[in-house]
Amino acid sequence: MICNSCGKNKATIHVTELIEGKMVEVHLCEKCANEKDIANKVSFSLNDILAGLMQFTTQSDEMSKQLKMRCPGCNLSIQDLQKKGKVGCAQCYEVFAQFLLPLIQKIHGSAQHFGKRPSHVDEKLNIQIEIEKLEADLQKKIEAEAFEEAAIVRDKIKFLKKKVSTKKTTRKSKTSSESNDANKKE
Amino acid sequence: MTIDEMVDKTGEWLKGKGPSNDVVISSRVRLARNLAGFIFSDYMPKSMAEKLVGLVKNAVDNSNYLKKHTFFSDKDITLLDKEFFKERHLISGELVEAKRPHAVCFTDDEIVSIMINEEDHLRLQVLQSGFNLVEALRLIDVIDAELENNLDYAFSPTLGYLTACPTNVGTGLRASCMLHLPALVMTKQINKVLQALSKMSIAVRGLYGEGTQATGNFFQFSNQITLGRQEEQIVNDFEKIVKQVIEHEQEARIALSNKRLTKLADQIWRSLGILRSTRIISSGEANSLLSLVRLGCDLGLIKDLNKNKLNELFIVIQPAHLQKIYRTELPVDERDEKRASLIREKLKSVSL
């Protein structure tokens with residue numbers, strides 16, 4: 001990726017900024033980032049980010065409706081969330097997903113878990129995650145023009161997708177408690 | 001094990017063993033876990049918090065790995081006990097302050113500790129002596145898997161383990177290392193190093209974790225990113241960065257002893273001299289002087305002081321430890337006196 005500012009060097013610093021209420025991704029080389037003092041801005045605190053998001057949300061009508069929302073699991077409001085910087089329960093991650101996902105993306109540079117999973121999480125979901133992981137890997141291999149290795153990964157994905165489609169479960173559960181309920185229904 | 005029994009010994013992780021123990025005091029890996037169907041600790045009603053403590057206790061009792069453990073619920077221990085645990089890095093400052101029902105349990109060797117109803121329902125940690133994150137990760141993975149047999153963790157396929165703070169979501173894994181960096185401080189390179197680390201999503205803290213200042217040239221480094229990478233990768237990436245810091249420190253030590261040995265030796269021996277003769281000393285001053293003495297040991301200048309004893313000194317001169325050792329509550333000025341006499345006693349056989 002080439003630097004957005006000088007258009008010459010390779011961009012190594014990627015910053016998401018709020019400009020007039022819109023999230024804009026800026027890609028800069030080290031030199032330009034230093035000139036713009038971006039590096040210092042990157043170390044913002046969680047509360048800053050939350051506050052930033054709140055400003056963003058108050059600008060749209062639809063969003064301001066959601067400001068009044070409370071989590072049915074723990075009765076937390078978005079204001080409580082902003083004040084404390086902590087969610088109230090597992091369900092909050094679904095209820096306030098619109099607010100939390102961009103925040104999580106900013107903090108971690110990703111919104112997809114690739115780590116270990118509890119063994120009780122259903123096998124199909126595990127395979128699904130494995131496929132997503134392989135797809136990301138495939139993309140990298142293609143970008144690196146390692147086509148032979150890419151072909152191997154592609155075949156693995158094919159195999160796993162077949163495996164998933166032969167299982168007849170169709171649910172899309174988001175939390176482990178939900179998936180447990182779903183298990184009971186089956 | 002009782003708290004009184006703990007006073008006379010130190011945790012296994014303080015032994016001063018393990019790789020790169022000249023620079024790395026200890027390595028730690030912790031996992032944040034919450035139980036499905038329970039409101040998170042901060043917002044949880046009292047009865048629910050009590051029930052959760054019971055559930056976790058049951059899971060811990062059923063674990064093979066945690067056979068030799070002691071379980072302390074908040075009702076069993078005083079504020080001083082908690083401060084004492086904190087000084088041993090078994091619990092966090094947040095748990096010391098916690099008002100809701102909470103608990104802690106740890107193995108007798110103090111390698112594994114589990115905080116219950118801290119910011120998250122469970123905070124599992126494994127501490128290792130020296131630079132040994134891989135072993136810490138291996139151990140914590142075993143314990144996590146064992147507990148999971150009896151506990152239903154809050155988990156989402158997309159976001160991973162769900163935590164009270166979005167900064168921990170995903171793996172819930174924080175790897176950290178306590179580093180002793182006197183040469184980087186003396187050669188004024190430390191700020192450069194810290195700046196570089198902050199760009200790589202590495203947090204820097206003081207001796208006692210979150211919200212504490214660096215004293216005695218001790219710095220705690222930890223990873224910030226917990227989501228989007230596998231546990232092994234998080235630990236490996238972090239390890240590589242810490243390794244570079246270790247190498248910088250080692251180079252700076254060599255440079256110092258090549259170019260400024262006499263001046264450095266003077267500082268080190270003076271520090272030992274003060275510690276061996278002090279009558280009143282604050283923990284801040286003691287830490288700074290002990291830091292130089294530690295450097296003296298690592299450089300081979302001071303020969304008759306073993307590292308375990310020295311590591312232990314850093315811990316036992318803390319306020320709660322002093323009060324446990326002397327079995328009485330001590331106001332600050334009395335503590336400074338007792339601290340001085342304890343240090344003199346422990347260092348009396350070290351030749352000047």
Side-chain angles (χ1 to χ4, degrees), chain A residues 13 30 33 39-40 42-43 46 49-50 71 73-76 80-81 84-94 96-97 99-101 103-122 124-126 128-129 132-133 136 172-180, chain B residues 31 33-45 48 119-121 137 140-141 144-145 147-149 151-173 195-201 203 223-235:
Chain A
I13 292 166
E30 187 128 26
N40 288 332
V42 176
S43 58
L46 176 68
I49 304 170
L50 277 168
C71 172
C74 61
N75 203 31
L76 191 85
D80 299 332
L81 179 62
K84 283 206 136 188
K86 291 180 194 172
V87 304
C89 68
Q91 225 181 318
C92 286
Y93 280 101
E94 288 174 54
F96 302 123
F99 302 90
L100 288 171
L101 287 180
L103 175 70
I104 287 167
Q105 179 73 40
K106 269 193 177 185
I107 299 170
H108 300 287
S110 164
Q112 175 61 54
H113 177 59
F114 286 121
K116 80 188 254 196
R117 303 179 287 281
S119 53
H120 63 73
V121 172
D122 136 31
K124 190 189 155 187
L125 286 172
N126 289 354
Q128 199 63 51
I129 292 165
E132 279 166 33
K133 227 192 286 178
K172 282 183 190 166
S173 59
K174 285 203 171 160
T175 67
S176 54
S177 61
E178 267 189 18
S179 59
N180 280 349
Chain B
L31 297 176
R33 297 286 185 259
N34 288 281
L35 300 195
F38 284 80
I39 292 175
F40 289 164
S41 302
D42 265 15
Y43 304 95
M44 185 186 241
M48 199 187 252
E119 180 182 301
D120 293 297
H121 294 151
L137 178 65
I140 205 154
D141 194 42
D144 184 45
L147 292 177
E148 187 209 286
N149 287 334
L151 297 170
D152 185 12
Y153 287 152
F155 182 83
S156 136
T158 47
L159 290 177
Y161 292 94
L162 300 173
T163 52
C165 188
T167 51
N168 289 315
V169 85
T171 57
L173 184 149
Q195 265 171 23
L197 288 174
S198 73
K199 282 184 197 163
M200 287 184 280
S201 298
N223 66 301
Q224 299 269 61
I225 290 168
T226 57
L227 181 68
R229 298 177 202 177
Q230 281 177 295
E231 285 82 356
E232 289 80 8
Q233 201 197 337
I234 293 174
V235 169

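Naming: A, B, ... by sequence-line order, numbering from 1 per chain. Just so you know, these numbers come straight off a predicted model, no measurement behind them.
In this structure, B:Y43 contributes its side chain and A:N75 its backbone to no donor-acceptor pair below 3.5 Å. When atom types are taken as modelled, the side chain of A:Y93 and the backbone of B:T163 share a donor-acceptor pair closer than 3.5 angstrom.
Contact detail for A:A111 and B:L227: the closest heavy-atom pair is CA-CD2, 3.7 Å. Of all heavy-atom pairs between B:I39 and A:C89, the closest is CA-CB, 4.1 Å. Between B:C165 and A:G85, the shortest heavy-atom contact is SG-O, 3.8 Å. Heavy atoms only, all atoms of each residue included: A:G115 and B:E231 are closest at CA-OE1, 3.2 Å.
Atom-to-atom distance recorded for B:I225:CD1 and A:H108:NE2 is 8.0 Å, nearest 0.5 angstrom. Within the model, atoms OG of B:S156 and CD of A:E94 stand 7.5 Å from one another, a figure rounded to the nearest 0.5 Å. Atom CG of residue A:L76 and atom CG of residue B:D42 lie 10.0 Å apart, to the nearest 0.5 angstrom. Here B:L162 contributes atom CG and A:Q91 contributes atom CD; the two are 11.0 Å apart, rounded to the nearest 0.5 Å.
Heavy-atom distances place the backbone of B:Q224, and not its side chain, under 4.5 Å from chain A.
When side chains are defined from C-beta on, B:R229 does not count as touching A:F114, because their heavy atoms never get closer than 4.5 Å. Between A:K116 and B:T171, the closest side-chain pair of non-hydrogen atoms is not below 4.5 Å. Residues A:I107 and B:T226 fail the side-chain proximity criterion, which asks for heavy atoms closer than 4.5 Å.
Ranked by heavy-atom pairs shorter than 4.5 Å toward chain B, the options A:G109, A:G88, A:S110 are led by A:G88. Interface remark: of the candidates B:N149, B:L35, B:V169, B:N34, B:V169 forms the most heavy-atom pairs closer than 4.5 Å to chain A.
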